[in-house]
Peer 1: 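Structure provided below as structure tokens; questions to follow.
Heavy-atom basis, side chains included; hydrogens, waters and symmetry copies ignored.
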Amino acid sequence: MSSPTGARPPGSDGSDFQHREQVATHYRASAVNKSRIKISVVLHFLLFLLIAVRVVESFKLIPNVRLKLPKPHAWEYIWLSSVVPSIVGYIALARNQRRLMQVFYYGIWLLGLLPVLLAILFNFETLWSFYQTKKTNYKLHGFPLIVLWYIFLAVAIQVHSFGLYFASQLLRAWSVTKKKVQ
């Protein structure tokens, strides 16, 4: 074996590396996507904290905080439950548990992405009205709340979409079966 500072072994021109073992592509894909999905889950948890504070504030449980915000919509409560599949997906990473990753995948579709898409659909009329008149009933520290909602929804769509993509890549990597030797 040659070293970076020493001479090559006699009879070798350096092109004899092709016979060496390499890490299988599905192991490499699994390692890369595991780290990426962890980032996605952490970002989802941060978004969860934002909405949780907003919902808790609506119940007036936080003293000395009085914001003029509309009551939480049903999609927010449904979306808050999407943290459960994220936790399940995070747990699935430790031992490559395919079934738990499937729970994450379908849970994020149903409880994460679908409520966000419905919120975009249901709030579009309010956004369009603000776009035309530049007037709104609700502001948060001087910013129109509907614009802040759409910023949140755009970020949530990206976080969920990346999470779903990484989960599908992990499911594909974990489903590689060994071919039978005959």
Peer 1: Find out if a path of hydrophobic residues (ILVMFWY) with successive side-chain heavy-atom gaps under 4.5 Å connects L50 to V159.
Peer 2: yes
Peer 1: Is there side-chain contact between F45 and S86, with at least one heavy-atom pair below 4.5 Å?
Peer 2: no
Peer 1: Can you list the steps and then say if L93 with V41 is a side-chain contact (heavy atoms from CB on, under 4.5 Å)?
Peer 2: CA-CA 11 Å; L93 297 175; V41 168; 5.9 Å; no
Peer 1: Classify the ring geometry between Y105 and W109 as parallel (under 30°), tilted (30 to 60°) or perpendicular (over 60°).
Peer 2: perpendicular
Peer 1: In terms of side-chain heavy atoms, does W79 have a donor or acceptor partner in H73 at a distance below 3.5 Å?
Peer 2: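 Absent: no donor and acceptor within the cut-off.
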Peer 1: I'd like to know whether R98 forms a side-chain contact (heavy atoms from CB on, under 4.5 Å) with L170, so could you lay out the CA-CA distance, the side-chain angles of the two residues, the decisive distance to 0.1 Å, and finally the verdict.
Peer 2: CA-CA 8 Å; R98 184 170 166 70; L170 283 174; over 6 Å; no
Peer 1: Which distance, rounded to the nearest 0.5 Å, do you find between the CZ of F48 and the NE2 of H44?
Peer 2: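 NE2 of H44 is found 8.0 Å from CZ of F48.
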Peer 1: Donor-acceptor pair, distance only, cut-off 3.5 Å: does the side chain of T133 make one with the backbone of S129?
Peer 2: yes
Peer 1: Could you go through F143 and V147, starting from their C-alpha distance and side-chain angles, then the distance that decides it, and tell me whether this counts as side-chain contact (heavy atoms from CB on, under 4.5 Å)?
Peer 2: CA-CA 8 Å; F143 294 105; V147 174; over 6 Å; no
Peer 1: Quick one: sort the W75 and F152 rings into parallel, tilted or perpendicular, breaks at 30° and 60°.
Peer 2: tilted
Peer 1: Under the side-chain contact (heavy atoms from CB on, under 4.5 Å) criterion, do M101 and W174 qualify, and how do the steps go?
Peer 2: CA-CA 10 Å; M101 189 53 65; W174 294 346; 3.7 Å; yes
Peer 1: Answer yes or no: are there more than 12 heavy-atom neighbours, outside Q132 itself, under 6.0 Å from its atom CD?
Peer 2: yes
Peer 1: Does F130, at its CZ atom, have more than 12 non-hydrogen atoms belonging to other residues, nucleotides or ligands within less than 6.0 Å?
Peer 2: yes
Peer 1: Is there a donor-acceptor contact under 3.5 Å from the side chain of Y150 to the main chain of I120?
Peer 2: yes
Peer 1: How long is the straight-line distance from CG of L121 back to CG of L153, given to the nearest 0.5 Å?
Peer 2: 11.5 Å
Peer 1: Checking R36 side chain against F166 main chain: does a donor-acceptor pair fall under 3.5 Å?
Peer 2: no
Peer 1: Shortest non-hydrogen contact from L100 to V88?
Peer 2: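 Here L100 and V88 meet closest at O-CG1, 3.6 Å.
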Peer 1: Using atom types as modelled and distance alone, determine if a side-chain donor or acceptor of S30 lies under 3.5 Å from a backbone N or O of A173.
Peer 2: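 No, the answer is negative, given that no donor and acceptor are paired below the 3.5 Å cut-off.
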Peer 1: Do I91 and F104 come within less than 4.5 Å of each other through their side chains, counting heavy atoms only?
Peer 2: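 No, every pair of side-chain atoms sits at 4.5 Å or beyond.
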Peer 1: For the CD1 atom of I108 and the CG atom of L114, what is their distance to the nearest 0.5 Å?
Peer 2: 12.0 Å
Peer 1: Measure the CG-OG distance between N96 and S175 for me, rounded to the nearest 0.5 Å.
Peer 2: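 The OG atom of S175 is 11.5 Å from CG of N96, to the nearest 0.5 Å.
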Peer 1: Counting only heavy atoms not in Y165, do more than 12 fall under 6.0 Å of its OH?
Peer 2: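 12 or below, so no.
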Peer 1: Could you report the tightest heavy-atom contact between A156 and L47, atom names first, then the distance?
Peer 2: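 The answer is CA-CD1, 3.8 Å.
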Peer 1: Just verifying a value: how many Å separate L113 CG and S82 OG, rounded to the nearest 0.5 Å?
Peer 2: 10.0 Å
Peer 1: Starting at NE2 of H160, measure out to CG of L111 and round the result to the nearest 0.5 Å.
Peer 2: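 CG of L111 is found 9.5 Å from NE2 of H160.
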